[in-house]
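Side-chain atoms are counted along with the backbone in the values below, which use heavy atoms only and exclude waters and symmetry mates.
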There are 2 protein chains.
Amino acid sequence: MSDLENVAQQLARHKFKLTRQRHAVIDVLTDARSPMTPANVFESAQRQCPDLGLATVYRTLEILEELSLIRRVHLDEHCEGFALSATSHGHHAICMQCNRVVEFTGCDISQVMASAARQTGFHIEEHWLELMGMCNDCYQS
Amino acid sequence: MSDLENVAQQLARHKFKLTRQRHAVIDVLTDARSPMTPANVFESAQRQCPDLGLATVYRTLEILEELSLIRRVHLDEHCEGFALSATSHGHHAICMQCNRVVEFTGCDISQVMASAARQTGFHIEEHWLELMGMCNDCYQS
DNA sequence: GTGACTGCAAATAATTTGCATTACA
DNA sequence: TGTAATGCAAATTATTTGCAGTCAC
């Protein structure tokens, strides 16, 4: 199933309509190789949907995030950026050179969580992990 | 050595002056039990330093972050918040109920990093980890 | 004494909202 | 067809900057 089909299905399941505008936003995020700000998305999606409004981009991103179809990416200094999320629980690796984002799965950090729980007295429920480095392409050049 | 002394020392080392305003900002962050936005800091620090300007808060936070004396905390939905960082490499555990932030150390995620590197082809250099859960006080009530 | 630091106000950027109109299901 | 979704413009919020005056070292 393609990304678009998946998103369309999820939208329908939650009674959201698949409008031209949302379609354009989803296409942009699907093709994106790096996290995109709302403004980035707007600019790109406008090519496909010239009468798109920036407010709609914000509203659409909000819905997609709510449905976990995209994930917020916090970049080094300033936050913000959105990237398509393929799996229900994945994390992102971000290239510090070209900004490319790749999702990876399988984060067994149970030992770290146990250690943190011991130190802080917290009962950990969620975690948030992002790796920064260089993608292979950038590394080789 | 107290937090303040530590910060003062670091500022001096880098030829920054310890002004009344900076002192107030540092005090606020030292006493803070949860991450604070620039606006939060401004409001609190004004009690101690009535003629403080918001722009100064932004400028001070920028310096403190540059010196790794505070750390940016990305909250669940919206980003942003700053918290004092005691160690050069620590992570934060955040209580989802009361927002309290506690730093912990010792994050051996080398296995996760190796696995991610294998999956993505990335050469990982840095990581960013935050745990969310409930602090013991909130858990017991 | 003097250069770094400040407050203020204005500029800029980012995000949200109200509302009349449009278009998906 | 009915209602959710839209564009636009205005409102709000967040952040940055220029500059004349001030203060820590």
Query raised in the report: Quick check: are there more than 12 heavy atoms from other residues, nucleotides or ligands sitting under 6.0 Å from CD of Gln111(A)?
Result: no
Nucleotide N/O to protein N/O under 3.5 Å, stretch nucleotides 9-14 of chain C:
none

Query raised in the report: Can you name the salt bridge (Lys or Arg N to Asp or Glu O under 4.0 Å) partners of Arg59(A), sequence neighbours left out?
Result: none
Requested in this report: Name all pairs fulfilling the side-chain hydrogen bond (donor to acceptor under 3.5 Å, both in side chains) condition that reach into residues 131-141 of chain B, sequence neighbours left out, sorted by first residue then second.
Outcome: His123(A)-Asn136(B), Arg100(B)-Asp137(B)
Query - Partners passing side-chain contact (heavy atoms from CB on, under 4.5 Å) against Glu62(B) (at least two apart in sequence or in another chain) - result: none
Query raised in the report: In whole angstroms, how far is the C1' atom of dT2(C) from the NZ atom of Lys15(B)?
Result: 16 Å
Report task. Applying side-chain contact (heavy atoms from CB on, under 4.5 Å), name anything that partners Glu43(A), two or more places apart in sequence or on another chain. Result -> none
Report task. In whole angstrom, give the distance that lies between atom CD of Glu62(A) and atom P of dT16(C). Result -> 7 Å
Query raised in the report: salt bridge (Lys or Arg N to Asp or Glu O under 4.0 Å) with Asp51(A): which residues, sequence neighbours excluded?
Result: Arg20(A)
Query raised in the report: With the sugar-phosphate defined as primed atoms, P, OP1 and OP2, and the base as all remaining atoms, what B/S/- string results for nucleotides 19-25 of chain D, 5' to 3', for protein heavy atoms under 4.0 Å?
Result: -----BS
Query raised in the report: With sequence neighbours excluded, what pairs up with Gln97(B) under the side-chain contact (heavy atoms from CB on, under 4.5 Å) test?
Result: Cys95(B), Met134(B), Cys138(B)
**Report entry** For Gln46(B), side-chain contact (heavy atoms from CB on, under 4.5 Å) partners two or more places apart
**Finding:** Phe42(B), Leu52(B)
